[in-house]
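Comments concern the structure below.
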Protein chains: 2
Amino acid sequence: MSSFCGVLNLGRGSLKQTHEVVRARRTIHGAGDVTDDFVIICEGWTACSMRLSDGRRQILSFLIPGDPVSITSLFNGRQRFSVQSLTDVRYCMFSRKELQKEMIDKSRVFQELVKICIAEKEQADQIIVSLGRQSAAARIARLILLLMERLGTRGLVRDQSFEFPLRQQHIADAMGLTTVHVSRVINMFRKEGLVDIAQRRIRILSLKELQRVADAK
Amino acid sequence: MSSFCGVLNLGRGSLKQTHEVVRARRTIHGAGDVTDDFVIICEGWTACSMRLSDGRRQILSFLIPGDPVSITSLFNGRQRFSVQSLTDVRYCMFSRKELQKEMIDKSRVFQELVKICIAEKEQADQIIVSLGRQSAAARIARLILLLMERLGTRGLVRDQSFEFPLRQQHIADAMGLTTVHVSRVINMFRKEGLVDIAQRRIRILSLKELQRVADAK
DNA sequence: CGGAAACTTGATCGAATTCAAATAAGGTGG
DNA sequence: CCACCTTATTTGAATTCGATCAAGTTTCCG
């Protein structure tokens, strides 16, 4: 939808910005990479993840249009996590140096940044609760509902249905599960008429029921 | 040590601050409470937690001297989580209104705030990885090491030993486990000579080994 | 000192993993 | 657009880590 350039409304100012386009399933940057840019996703979905020494992966968050890739990159060019495109993605980049200068001049930008940080932290807290204390079914239901809510605030949900480019592997890595178990749970959801997932789209068939599952143990 | 008033160095300015003291095992504020203050822990340990509808608890973080209780409270007086003292605690409070005014005038404060936010998010990310992909033993080892590191940066570690006021219940709630299992794991650590926990203190006897456990699956 | 909270230990259970193999869906080059 | 090859998904059986249930013991405060 439209060419959405960020929660921050940085586009309006005098700041230079560069746009890039990448295909699905590319690494936008790897963990440890150094960059001078601050990046915002304009179109498409991406996943931020860390890899464990044994090769397993933990996804930290999914980014949707409007999300900054890493607030950290405002102060530190070395990335903690890697970022992969799940769909074709367009993103725009701002120079960290310029942005920092801007921040010193105009504190409105700072207010916005702090708010974004806070929102990221609140989401992380929700995920911690989910991972720490919920069953596989509840975690997956909650992930779906969380994504619907975030996409909704950006006008990307129609009739309880939205783009859903996640593979079961992504859901597994995000919720600390195996693909095998994600498959079983999702088919249970299907059988019970909670959701319809097909062609990289999801439709919530029974919001009430899905919420009930998400709130259960 | 000393009477540490925060990562932010807010004390230096003209900002009014009030100090409060509470005993161990008190609720400093409950989830949903509304407050006009921004609070920083000066002495003692506290835990931030959310409660699930079935009564179980998930701890989001432990706060040690110097930590702000909630960055969110700069913008929103309603607290998402509750905060309990684990030891006797002294904390200081700043008026949100005044602080916001200060932030608009002096962007240095803003820089500091953004950095704190970022640090909180980075810690949350680590916890997510731990909960999502590690065994009980690895999670507990990692928690201990994380706390040692944070306390170390504030000069509160001596000879691999530091104050450790956590009950097994806290460790369980923080790492998504039961107290029964925490007990078993910690006794295993003891038996293997990794740590010595007694009288609300911990001593790391084999840092190497503990790190190995924390990095294992 | 007495009662409550915290910790320990054993037995049993269950949710999710692991291993293995079959089927389906998707992307690519010719 | 098809054939081929890779990547995803599904299904079953066996296993395991951590939960649950139940008692007993220890520690800590007030």
Side-chain angles (χ1 to χ4, degrees), chain A residues 22-26 47 52 54-58 84-88 130-141 143 164-191 195-202 213 216-217, chain B residues 22-26 47 52 54-59 84-88 130-141 143 163-191 195-202 213 216-217:
Chain A
V22 296
R23 318 246 342 243
R25 273 158 290 118
R26 296 292 186 282
L52 284 83
D54 65 359
R56 286 176 311 153
R57 179 175 69 161
Q58 174 72 48
Q84 280 99 23
S85 56
L86 304 181
T87 63
D88 294 353
S130 213
L131 294 181
R133 291 295 186 207
Q134 292 195 292
S135 68
R139 289 184 220 178
I140 293 172
L143 173 65
F164 194 76
L166 306 185
R167 308 290 139 139
Q168 294 185 356
Q169 184 68 68
H170 294 121
I171 298 174
D173 286 342
M175 296 290 98
L177 302 164
T178 57
T179 56
V180 173
H181 199 60
V182 169
S183 171
R184 293 194 223 275
V185 170
I186 285 186
N187 282 323
M188 203 190 70
F189 285 1
R190 287 198 177 106
K191 224 171 290 169
V195 298
D196 177 21
I197 303 179
Q199 275 95 54
R200 314 294 115 204
R201 272 196 88 74
I202 186 170
V213 173
K217 185 162 157 185
Chain B
V22 295
R23 319 247 341 242
R25 274 159 289 119
R26 297 291 185 282
L52 283 84
D54 65 358
R56 285 176 311 152
R57 179 175 71 161
Q58 174 72 48
I59 289 179
Q84 279 98 23
S85 56
L86 304 181
T87 62
D88 294 353
S130 211
L131 294 181
R133 291 294 186 209
Q134 291 195 292
S135 68
R139 290 185 219 177
I140 293 172
L143 173 64
E163 195 190 348
F164 194 75
L166 305 185
R167 308 289 138 138
Q168 293 185 356
Q169 184 67 67
H170 294 122
I171 298 174
D173 286 342
M175 297 290 99
L177 301 165
T178 56
T179 55
V180 174
H181 200 61
V182 170
S183 170
R184 292 193 221 275
V185 171
I186 285 187
N187 283 322
M188 202 191 70
F189 284 1
R190 286 199 177 106
K191 223 171 292 170
V195 299
D196 177 20
I197 303 180
Q199 278 95 51
R200 317 291 116 203
R201 272 197 89 73
I202 186 171
V213 173
K217 186 164 158 183

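What you see below is based on every heavy atom in this structure, not just the backbone, and it leaves out hydrogens, waters and symmetry mates. Per chain, numbering begins at 1; letters A, B, ... match sequence-line order.
Of all heavy-atom pairs spanning B/A138 and B/A216, the tightest one is CB-O, 3.6 Å.
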Identify every side-chain donor-acceptor pair in residues 177-188 of chain B under 3.5 Å, counting partners at least two apart or on other chains, and give the distances.
from   : atom 1 : to     : atom 2 : distance (Å)
B/T178 : OG1    : B/H181 : N      : 3.3
B/N187 : OD1    : B/R190 : NH1    : 2.8
B/N187 : ND2    : B/S183 : O      : 3.2

Please list, one pair per line, the donor and acceptor atoms closer than 3.5 Å that link side chains of residues 164-171 of chain B to other protein atoms, with sequence neighbours excluded.
from   : atom 1 : to     : atom 2 : distance (Å)
B/Q169 : NE2    : B/D173 : OD1    : 3.3
B/H170 : ND1    : B/R167 : N      : 3.0

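In this structure, B/L177 reaches the sugar-phosphate backbone alone: every heavy-atom distance under 4.0 Å involves primed, P, OP1 or OP2 atoms, never a base.
Rounded to the nearest 0.5 angstrom, B/L131 CG and B/M175 CE are separated by 5.5 Å. The CD atom of B/Q84 lies 8.0 Å from the CG atom of B/L86; values are rounded to the nearest 0.5 Å. Atoms NZ and CG, on B/K217 and A/D54 in that order, are 6.0 Å from each other to the nearest 0.5 Å.
At a threshold of 4.5 Å between non-hydrogen side-chain atoms, the residues B/T87 and B/R200 do not count as touching.
Contacts between chain B and DNA chain C, taken as any atom within less than 4.0 angstrom of a protein heavy atom, begin and end at C/dA6 to C/dT18.
Rounded to whole angstrom, the span from the CG atom of B/D173 across to the P atom of D/dA19 amounts to 11 Å.
Within residues 130-139 of chain B, no residue has any heavy atom closer than 4.0 Å to DNA chain C.
Rounded to 10 degrees, the angle separating the terminal helix axes of the helix from C/dC1-D/dG30 to C/dG30-D/dC1, each built from five base pairs, is 70°.
Between A/Q169 and D/dT9 there is no side-chain polar atom (N or O) within less than 4.0 angstrom of OP1 or OP2.
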**Message:** Strictly under 4.0 angstrom, non-hydrogen atoms only: write out the protein contact profile of nucleotides 20-30 of chain D, one letter per nucleotide from the 5' end, B, S or -.
**Reply:** BB-------SS

